Amino acid sequence: MSWELAGASLKLIMAGMEPVKDAPLSKKGYWRVGGPADLMVDVNDESQLATVMDTDLPVTVLGNGSNLLVADSGIRGIVIRLRGTFRALAFKDPSVPSGLTDTLNSESGLAVVGAGMMNAVLLNKLDKMGVAGLGCLAGVPGTVGGAIRMNAGTRLGEIGSKVAFVRIMLPNGDIKNLTADALGFRYRWASLPNGAVVTRVGLFVSKDGYDVERESIREHLEYRKGSQPLDQPSCGSTFKNPPGDAAGRLIDAAGLKGAIEGGAKISEKHANFFVNTGNATAMDLYRLIKRAQDTVAEQFGIKLEPEVHVVGDWPEGLWPL
C-alpha cells in the first residue's frame, strides 16, 4: 500500500471507520464485473464523510452498483458506501411547525431521505404508510442518491420532478442545499458540482392519489417483468433513448440482438439490455457497447449515448463514447 493510502486508511480508522484494502467489487455491481478498490469504507454520517473527503484521494460513491461499469483494473482511491444516517427517512410535515417527524400526518409534505437508502426500500416504507408521489422509482434499482445523479425514471415519470432540495457535500467538506432549478434536471441528467456527494434529498409526497399510483406501479412492474431480462446480470438500459425514438428499437433494427463480445451479450429479450452471460469482463462490455453505438450510427446516423456511469482505471481514450 502506498504512503498516501496508508495515511488515509489510518485517518479513517481514527474516525471510527473500517476501511478494507483491495476490496473486490465484481460482486457489488449489477454487471458482476470489475477489479478491486484501493480502499472501500462504509460511511455512517456527514462527519465521517467529511473525513473521507479530507484525505485528498479520489472518492467514488458505490451506491448499489446498479448503473456502474467498473474497470477490470479496479478503482483508485477510496470507494464509499453510504450507511447509517444516510439510510434514514423522515418527513417535513406542514402540520408540524418545526423539525422532522416519523410519519406524514398531513395530506402532503416532504419525504426527507438519506442518499444511501435503496429506492425499493423507500417505496416499501411509503407504501406501508399509504404515502404516494414517488412511483417513478418503481423498478429502478439503486439508491436515492444515484437516482438524483442520473434523474432516474420510468414510464411513470422522473425523480427530478419530485425534488424540493438536494443536500450535497463538496470535496472541501462544505455542505450546500440545492434547489431543483439549480440542478437543471433533464432526461437522465442533473447538474451536480464536480466531486459532490449527495447526502440527503427532500422529495414531494402526498397521500392523495395513493390507490391510483399503486395500480400504476403494479402494471409497470408487470410490464417490466415481461419485457426485460431480469434473470441475468445487467445494468438495465445501457443507452439513453434518443429524442423521438428508442435505443432498443434502433439496436434491434441494426440486427444486433444476440450479438456477443466475449462473455457479454445483447439480450434477445430487450436490445437495450447488455448482459453478462457468466464470464464477461468490463472490456467485453465496453467493446459491445461501442460496437452497438458504431453500428447504429453507421446505419441510421444516430449516435447513441451510454446511460451507464463508467468508473475506475480504464485505458486512456476509451471513454466517453
Side-chain angles (χ1 to χ4, degrees), residues 29-30 37 41 43 45-71 75-83 85-88 110-119 122 134 136-137 140-154 157-204 235-237 239-241 305-312 314 319-321:
Y30 273 40
V41 66
V43 180
D45 54 37
E46 287 185 347
S47 176
Q48 288 188 343
L49 179 57
T51 299
V52 173
M53 301 296 242
D54 193 44
T55 61
D56 293 328
L57 290 175
V59 176
T60 302
V61 181
L62 181 60
N64 199 33
S66 58
N67 200 43
L68 291 182
L69 179 54
V70 179
I75 302 177
R76 307 287 72 81
I78 304 173
V79 170
I80 63 172
R81 298 188 298 183
L82 300 177
R83 300 289 194 263
T85 61
F86 297 116
R87 292 194 165 187
L110 292 183
V112 181
V113 191
M117 179 173 283
M118 302 298 178
N119 297 324
L122 172 59
L134 300 179
C136 59
L137 292 179
V140 177
T143 62
V144 171
I148 293 297
R149 185 168 291 278
M150 65 173 291
N151 189 21
T154 64
E158 295 178 336
I159 191 65
S161 67
K162 301 297 181 179
V163 170
F165 71 86
V166 173
R167 184 177 172 92
I168 63 170
M169 182 176 290
L170 298 171
N172 63 2
D174 286 350
I175 295 288
K176 284 190 175 183
N177 289 312
L178 305 177
T179 65
D181 286 344
L183 288 163
F185 288 109
R186 60 177 187 260
Y187 176 62
R188 299 297 178 265
W189 188 87
S191 179
L192 286 164
N194 288 335
V197 176
V198 177
T199 64
R200 188 186 301 171
V201 184
L203 300 166
F204 294 107
C235 74
S237 296
F239 290 101
K240 299 177 183 179
N241 288 326
E305 182 181 351
E307 186 172 311
V308 299
H309 184 47
V310 181
V311 294
W314 289 85
W319 302 98
L321 288 179

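The shown structure was predicted, so the numbers you read here are calculated from the model rather than taken from an experiment.
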Minimal non-hydrogen separation, [X] against [Y], with atom names:
| X | Y | result |
| --- | --- | --- |
| Leu110 | Ala164 | CD2-CB, 3.6 Å |
| Leu57 | Gly77 | CB-CA, 4.4 Å |
| Ile75 | Thr60 | CG2-OG1, 3.7 Å |
| Arg76 | Pro58 | O-CB, 4.0 Å |
| Val144 | Val113 | CG2-CG1, 3.8 Å |
| Thr143 | Met118 | CG2-SD, 3.7 Å |

**Message:** Whether the side chain of Arg167 engages the backbone of Thr199 through a donor-acceptor N/O pair (distance < 3.5 Å, no angle test) should be reported.
**Reply:**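 Answer holds: no.
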**Message:** Strictly distance-based, threshold 3.5 Å: is any side-chain N or O of Asn119 a donor or acceptor partner for the main-chain N or O of Leu137?
**Reply:**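 Pair absent, no side-chain N/O of Asn119 close to backbone of Leu137.
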Rounded to the nearest 0.5 Å, how far apart are [atom1] of [X] and [atom2] of [Y]?
| X | Y | atom1 | atom2 | result |
| --- | --- | --- | --- | --- |
| Cys235 | Tyr30 | SG | OH | 11.0 Å |
| Ile80 | Gln48 | CD1 | CD | 10.5 Å |
| Leu82 | Met117 | CG | CE | 12.0 Å |
| Ile168 | Leu178 | CD1 | CG | 4.0 Å |
| Met169 | Ile175 | CE | CD1 | 3.5 Å |

Per-pair distances, 0.1 Å, donor-acceptor, side chain in residues 146-153, under 3.5 Å, sequence neighbours excluded:
unit_1, atom_1, unit_2, atom_2, d
Arg149, NH2, Ala196, O, 2.7
Asn151, OD1, Gly160, N, 2.8
Asn151, ND2, Glu158, OE1, 3.1
Asn151, ND2, Arg186, O, 2.8

**Pairs involving residues 49-59, ordered by first then second residue, that meet side chain to side chain donor-acceptor pair (under 3.5 Å) (sequence neighbours left out)** =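 Listed once each, the pairs are Lys11-Asp54.
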**Asked** Which pairs, with at least one residue in residues 168-179 and sequence neighbours excluded, count as a side chain to side chain donor-acceptor pair (under 3.5 Å)?
**Response**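 Applying side chain to side chain donor-acceptor pair (under 3.5 Å) to every pair that reaches into residues 168-179, excluding sequence neighbours, yields Asn172-Asp174.
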[X] side chain near [Y] side chain, heavy-atom distance below 4.5 Å:
| X | Y | value |
| --- | --- | --- |
| Val311 | Leu62 | no |
| Phe86 | Leu49 | yes |
| Val43 | Val52 | yes |
| Trp319 | Leu69 | yes |
| Leu203 | Val163 | yes |

**Prompt:** Would you call Arg188 and Glu305 a salt bridge, taking side-chain N to carboxylate O under 4.0 Å as the test?
**Reply:**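 Salt bridge between Arg188 and Glu305, a charged N being under 4.0 Å from a carboxylate O: no.
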